[in-house]
Amino acid sequence: MAPDWHALHGSVKEHVGRSTRQRLGPMSAAQFQRFAVAVGDLNPRYFDPEAAREQGFPGVVAPPLYLTSVLGWQAGPAEDELRPDGAESEVMAGVPLEGVRLMGAGQEVELSHPVCDGTDVTLEVSVDDVELKHGGSGQFLILRLLRRYLDDRGTELMRCRETFIAR
Amino acid sequence: MSAGVSFEEVAPGAAITPLVKRPTNVQLFRFSAVTWNAHRIHYDTAYAHTEGYPDVLVQSHLHGCFLVQAVLDWAGPRARLRRFSWQNRRFALPGDVLTCSGKVTATEVHDTVGLVTCELEERNQDGELCAPGWATIELPRATVMGNDHGA
């Protein structure tokens with residue numbers, strides 16, 4: 001059933017500017033190294049503590065897009081609770097988006113400090129903007145989310161503005 | 001990975017060394033696994049057909065990762081990525097040959113660090129633009145030492 005786009009637009013718009021926080025916990029070198037291996041990017045700064053220190057880092061660091069590429073940080077739903085397309089039901093920044101398919105259209109990231117093995121990360125998410133569009137294939141939403149990744153002292157490690165098309 | 005470049009060695013127009021990536025089904029599976037992405041479009045060919053695609057699709061974020069790898073491989077071990085953005089314009093499939101390339105568009109000294117802005121692009125074997133990107137990297141300056149902080 002097609003969503004009520006006007007109602008959805010209105011409910012998302014109410015959330016613009018509000019933020020939610022989630023503690024992701026300590027980052028694991030094994031996890032971000034698996035990510036680098038999956039990408040096929042074997043830069044020594046991700047794997048070799050000595051090479052990383054020679055490059056001026058305190059130890060191995062996560063690839064720049066590791067934090068912003070991981071879709072889920074918790075256990076997630078059981079298989080029979082996934083949508084038919086395999087995705088989790090979309091809840092973004094506390095906004096329920098039932099019946100909607102989200103496609104990532106790109107990101108803008110700003111990196112301030114390295115993410116290292118053991119860095120304790122908290123994610124803050126807010127809806128930056130939402131627009132209702134009318135295209136050739138019907139209505140859709142353009143959603144822009146701001147994600148800020150903070151360490152355990154509240155220092156911003158990186159931020160990411162991501163644009164999604166919700167159809 | 002190259003030995004890298006210093007700030008003084010680059011000027012607008014300088015080419016980023018091209019990086020060729022050939023995504024495979026195994027690569028897409030592992031990228032989905034490590035990012036906890038269960039969407040069928042990345043591993044279920046029959047499902048991809050129902051959405052009108054000829055095969056499973058390279059993940060949006062993997063396009064971005066390829067562009068980051070290209071610029072950091074070129075820039076070398078002392079470079080820091082400060083800003084990066086990309087857009088997904090066209091899908092890519094396992095077996096595609098994706099070439100990531102680019103050029104320097106501007107250089108500036110900000111306080112004591114050298115900042116280099118680059119335009120990037122990822123094209124498939126038919127020359128179609130899959131993902132444009134933009135990066136700002138901090139590069140060591142030959143005259144300034146101790147440039148040790150950052151991502």
Side-chain angles (χ1 to χ4, degrees), chain A residues 31-45 51-58 61-66 68-77 79 82-88 101-115 157-158 160-165, chain B residues 1 4 19 21-24 26-44 47 50-51 59-70 72-73 76-89 131-136 140 146-151:
Chain A
Q31 284 297 317
F32 65 65
Q33 288 165 353
R34 283 182 175 180
F35 176 86
V37 168
V39 172
D41 184 352
L42 304 182
N43 192 320
R45 67 174 64 172
R53 282 192 285 272
E54 282 173 11
Q55 295 185 20
F57 295 105
V61 293
L65 298 188
Y66 171 64
T68 64
S69 295
V70 173
L71 299 190
W73 294 93
Q74 294 173 333
E79 184 176 330
L82 294 173
R83 304 185 330 182
D85 64 9
E88 298 181 19
R101 167 140 193 252
L102 288 184
M103 293 179 66
Q107 296 183 341
E108 297 172 38
V109 298
E110 293 176 39
L111 304 107
S112 303
H113 297 283
V115 175
L157 304 168
M158 65 183 295
C160 168
R161 283 193 167 77
E162 183 157 14
T163 303
F164 295 92
I165 298 167
Chain B
M1 228 185 123
L19 173 73
K21 303 293 281 189
R22 296 177 175 82
T24 65
V26 172
Q27 180 172 35
L28 301 196
F29 168 77
R30 295 214 290 185
F31 192 79
S32 280
V34 78
T35 57
W36 206 227
N37 177 353
H39 202 296
R40 291 178 184 276
I41 198 76
H42 305 303
Y43 57 86
D44 181 341
Y47 174 81
T50 69
E51 290 215 14
Q59 291 90 346
S60 158
H61 299 94
L62 191 50
H63 290 282
C65 291
F66 289 163
L67 290 170
V68 166
Q69 184 180 359
L72 287 180
D73 279 1
R78 302 294 292 184
R80 303 287 186 269
L81 187 65
R82 289 297 177 210
R83 287 172 178 266
F84 174 71
S85 61
W86 88 95
Q87 295 173 357
N88 294 106
R89 295 275 178 87
W134 299 267
T136 301
N147 184 14
D148 279 353
H149 302 283

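Hydrogens, waters and symmetry mates play no part in the numbers below; they use all other heavy atoms, side chains included. Lettering of chains follows the sequences in order, A, B, ..., and the numbering in each one begins at 1.
- Within the 4.5 Å cutoff, no side-chain heavy atoms of A/Arg83 are placed close to those of B/Arg40.
- Residues A/Gly104 and B/Asn88 share a closest heavy-atom pair of O-OD1, 3.6 Å.
- Ranked by non-hydrogen atom pairs under 4.5 Å with chain B, the options A/Gly76, A/Gly72, A/Ala52, A/Ala36 are led by A/Gly72.
- Of the atoms belonging to B/Phe31, heavy atoms from both backbone and side chain fall under 4.5 Å from chain A.
- For a residue to count as touching a neighbouring chain, one of its non-hydrogen atoms must lie under 4.5 Å from one of that chain's; by this rule A/Pro63 does not touch chain B.
- Taking the side chain as every heavy atom from C-beta outward, A/Ser69 and B/Cys65 approach each other to under 4.5 Å.
- Judged by distance alone, the side chain of B/Gln87 and the main-chain N or O of A/Gly106 form no donor-acceptor pair under 3.5 Å.
- The distance from the CG atom of B/Asp73 to the CG atom of A/Asn43 is 6.5 Å, given to the nearest 0.5 Å.
- Side-chain atoms of A/Glu108 never come within 3.5 Å of backbone atoms of B/Phe84 as a donor-acceptor pair (strictly under, hydrogens ignored).
- Interface remark: of the candidates B/Glu51, B/Arg89, B/Gln59, B/His63, B/Glu51 forms the most heavy-atom pairs closer than 4.5 Å to chain A.
- Annotation for B/Arg80 and A/Arg45: closest pair NH1-NH2, 4.1 Å, computed over non-hydrogen atoms.
- Remark: the B/His39 side chain and the A/Glu88 side chain contain no N/O donor-acceptor pair separated by less than 3.5 Å.
- Considering only heavy atoms from C-beta on, A/Gln31 comes within 4.5 Å of B/Val34 through its side chain.
- In terms of modelled atom types and a separation under 3.5 Å, the side chain of B/Arg82 and the main chain of A/Glu110 share no donor-acceptor contact.
- Within 6.0 Å of atom CH2 in B/Trp36, 12 or fewer heavy atoms from other residues, nucleotides or ligands are found, so the atom counts as exposed in its surroundings.
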A/Val39 vs B/Gln69, side chain to side chain contact (heavy atoms under 4.5 Å, CB included): CA-CA, chis, key distance, verdict: CA-CA 9 Å; A/Val39 172; B/Gln69 184 180 359; 4.1 Å; yes
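- Under a cut-off of 6.0 angstrom, the local environment of OH in B/Tyr47 is crowded, with over 12 non-hydrogen atoms contributed by other residues, nucleotides or ligands.
- With a 4.5 Å cut-off on non-hydrogen atoms, B/Thr35 touches chain A through its backbone and its side chain both.
- Comparing A/Val37, A/Thr68, A/Leu82, A/Asp85 by how many heavy-atom pairs each has under 4.5 Å with chain B, the most go to A/Asp85.
- Contacts of A/Gln33 with chain B are absent, with no heavy-atom separation under 4.5 Å from either backbone or side chain.
- Considering only heavy atoms from C-beta on, B/His61 comes within 4.5 Å of A/Leu71 through its side chain.
- Looking at A/Glu79, neither its backbone nor its side chain comes within 4.5 Å of chain B, counting heavy atoms on both sides.
- Under the 6.0 Å distance and 45° angle rule, B/Arg30 does not count as a cation-pi partner of A/Phe35.
- With rounding to the nearest 0.5 angstrom, the CG atom of A/Leu65 is 7.5 Å from the CG atom of B/Leu81.
- Here OG of B/Ser60 is found 6.5 Å from CD of A/Gln107. Values are rounded to the nearest 0.5 Å.
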